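Written below as structure tokens is the structure these notes are about.
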Amino acid sequence: MSESYRIAVVGAGGKMGMRVSNNLVRTDHTVAYVETSPAGRQRTIDAGRELTDAATAVADADIVVLAVPDLALPAVTAELVPQLRPGAIVLTLDPAAAYAGLLTTREDVVQAVAHPCHPSVFLERTTKEEWADTFGGIAAPQDAIAAVESDDPAARDVVEATVRAIYAPVIDVHWVTVKQLAQLEPTLVETVACMIGALLNEALDEAVHTMGVPEAAARSILYGHTQVALANGLRGDNPFSDACLIAMDYGRESIVKEDWKKIFRDDELDRNLARMLHLDTIER
Ligand SMILES: NC(=O)c1ccc[n+]([C@@H]2O[C@H](COP(=O)([O-])OP(=O)(O)OC[C@H]3O[C@@H](n4cnc5c(N)ncnc54)[C@H](O)[C@@H]3O)[C@@H](O)[C@H]2O)c1
């Protein structure tokens, strides 16, 4: 796992491209940075990195990290995958396009996907930098989820080394299938968890701006109870009180649709992904 690889980062000046590149410069890997937009090119140069044209960068790459928007992946893979050397790996950072079958693939090129878990809400953080790093990839350790469509252990090693480098510091890499990764992200963590995060903010807004509760009071009680809700709900740290359980039932009846678990069905996953990828339907 301590081997160094030739890594091409495509979309190096974007949000993820900059994050993964900032980490790759600290490794022994040989990295080529590719970016097409003027703003992204400038960000790459301002960060002290040299740009390489795509054809040169991918020609001898062991692994190509595609940090381009999901909507650009069909065109980018159509252009770049035919140029890869046999045995090379294409790593996307989100499963949607791969699961929807939108990527150009090749028998002798390995398709892989890896998504950061982001630092756990229960992570034991000890430094200011760890507290500040809510996204991960800077100071707070996180896990990553990866899928590799190959039985070759050497390909998995390259993916793991790359994932550990781009999302560093990484504790564990969890291996799943591309479909399972799509069931986790978007369904579990965006459709459910991020939606609930945004809902909490809307509820806070309602308490403050419609009900007229002082904002500091509302924010303080919500932040503390959010921790209790997560610690009790996800880890069973303490039982919810009897009155709280009654209020929770009222909330579930009033807010949550009875058939909400349908979001985990294959056809609903396809509907969700089609919306994300701006498609009418997902064709497999
Ligand atoms: N932003 C996040 O929080 C986040 C988190 C996890 C995974 N992802 C995934 O990471 C990937 C990139 O997302 P992002 O948010 O960083 O996108 P972004 O829009 O911030 O950056 C994409 C970059 O790719 C560049 N680009 C587009 N086409 C290109 C091409 N043909 N060649 C070279 N560069 C090209 C753009 O100029 C841009 O700089 C997506 O698959 C996304 O789902 C994003």
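Atoms considered below: every heavy atom in the structure, side chains included; atoms not considered: hydrogens, waters and symmetry mates. These numbers were taken from a predicted model, which means no experiment stands behind them. Whatever order the structure lists them in is the order used to number ligands and atoms, beginning at 1.
Here the shortest heavy-atom pairing between D70 and P74 reads O-CD, 3.6 Å. The minimum heavy-atom distance linking A114 with Y167 is given by the pair O-OH, 2.8 Å.
Ion pairing between a basic and an acidic side chain is recognised when a charged N comes within 4.0 Å of a carboxylate O; E160 and R156 show no such pairing.
Nearest to atom 31 (N) of ligand 1 among the protein's heavy atoms is V76 CG2, 3.3 Å. Here the protein heavy atom with the shortest distance to atom 21 (O) of ligand 1 is G14 CA, 3.2 Å. Here the heavy atom of the protein found nearest to atom 28 (N) of ligand 1 is T36 OG1, 3.8 Å. What sits closest to atom 19 (O) of ligand 1 on the protein, heavy atoms only, is P69 CG, 3.8 Å. Protein heavy atom nearest atom 10 (O) of ligand 1, with residue, atom name and distance: M16 CG, 3.4 Å. The single protein non-hydrogen atom nearest to atom 25 (C) of ligand 1 is E35 OE2, 3.2 Å, given as residue, atom name and distance.
With hydrogens and angles disregarded, a donor-acceptor distance shorter than 3.5 Å links the side chain of Q142 to the backbone of H118. D133 contributes a side-chain N or O that, together with a main-chain N or O of I138, makes up a donor-acceptor pair within less than 3.5 Å. Judged by distance alone, with hydrogens and angles left aside, the side-chain atoms of D143 form a donor-acceptor pair with the main-chain N or O of D172 at under 3.5 Å.
Here the shortest heavy-atom distance to atom 33 (C) of ligand 1, taken over L73, V10, V65, belongs to V10. Of the candidates A67, A57, G40, G17, the one placing a heavy atom closest to atom 23 (C) of ligand 1 is A67. Nearest-heavy-atom check against atom 41 (O) of ligand 1 across L66, D70, L93 picks out D70. Of the candidates K15, R19, M18, K15 brings a heavy atom nearest to atom 18 (P) of ligand 1. Evaluated by nearest non-hydrogen atom to atom 40 (C) of ligand 1, the leading choice among D94, V68, V34, T44 is V68.
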request  = Take R265 and L269, measure what side chain to side chain contact (heavy atoms under 4.5 Å, CB included) needs, and give me the verdict at the end.
outcome  = CA-CA 6 Å; R265 285 196 328 236; L269 175 59; over 6 Å; no

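Side-chain contact check for M195 versus E190: every heavy-atom pair is 4.5 Å or farther apart.
With Q111 as the fixed residue, the side chain to side chain contact (heavy atoms under 4.5 Å, CB included) test singles out one of V81, V148, T105: T105.
The distance from ligand 1 to the heavy atoms of S37 drops below 4.0 Å at these ligand atoms: 37 (O). Close contacts between ligand 1 and G11 involve ligand atoms 23 (C), 24 (O), 25 (C), 33 (C), 34 (N) [criterion: under 4.0 Å to a heavy atom].
Only the side chain of H115 comes within 4.0 Å of ligand 1, counting heavy atoms alone; its backbone N, CA, C and O stay farther away.
Residue contact check for ligand 1: T92 places no non-hydrogen atom closer than 4.0 Å to it.
Heavy atoms of other residues, nucleotides or ligands lying less than 6.0 angstrom from NE2 of H225 number 12 at most.
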